[in-house]
Amino acid sequence: MSEKITVGISSCLLGEKVRFDSGHKQSTYVNKELRDYFDFVSVCPEVGMGLPVPRQRFD
């Protein structure tokens, strides 16, 4: 197989517990099917800008 393409992807889709509620939204499709074709760079803009996990919701 040729070299994998590097792509940025939301950390929560990779199963990292970075969401506001300390959860994730792990994607089986991403982690099982696409991993053979892509190198993922985990990115979480909210955590990257300093928001805590978990954090208070304002509904």
Would you compute the distance between atom CG of Leu13 and atom CG of Asn31 and round it to the nearest 0.5 angstrom?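 Atom-to-atom, Leu13:CG and Asn31:CG are 8.5 Å apart.
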To the nearest 0.5 Å, what is the distance between NE2 (His24) and OG (Ser10)? 12.0 Å
Begin with the C-alpha distance, continue with both residues' side-chain angles, and end with the deciding distance and a verdict on side-chain contact (heavy atoms from CB on, under 4.5 Å) for Ile5 and Val7. CA-CA 6 Å; Ile5 298 169; Val7 295; 4.0 Å; yes
What heavy-atom pair brings Val18 and Cys12 nearest, and what distance separates the two atoms?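 Looking at all heavy atoms of both residues, the closest pair is CG2-N, 3.9 Å.
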Between [Y] and [X], is there a side-chain heavy-atom distance shorter than 4.5 Å?
X: Ile9; Y: Phe38; value: no
X: Lys25; Y: Val30; value: no
X: Tyr37; Y: Lys4; value: no

Determine which pairs satisfy side chain to side chain donor-acceptor pair (under 3.5 Å) with at least one residue from residues 13-22, sequence neighbours left out, and list them in order. Glu16-Ser42
List in chain and number order the residues that pass side chain to side chain contact (heavy atoms under 4.5 Å, CB included) with Arg55, two or more places apart in sequence or in another chain; answer none if no residue qualifies. Phe20, Glu46, Leu51, Pro52, Val53
Could you list the residues that satisfy side chain to side chain contact (heavy atoms under 4.5 Å, CB included) with Thr6, not counting sequence neighbours?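 With sequence neighbours excluded, Thr6 shows a side chain to side chain contact (heavy atoms under 4.5 Å, CB included) to Asp39, Val41, given in chain and number order.
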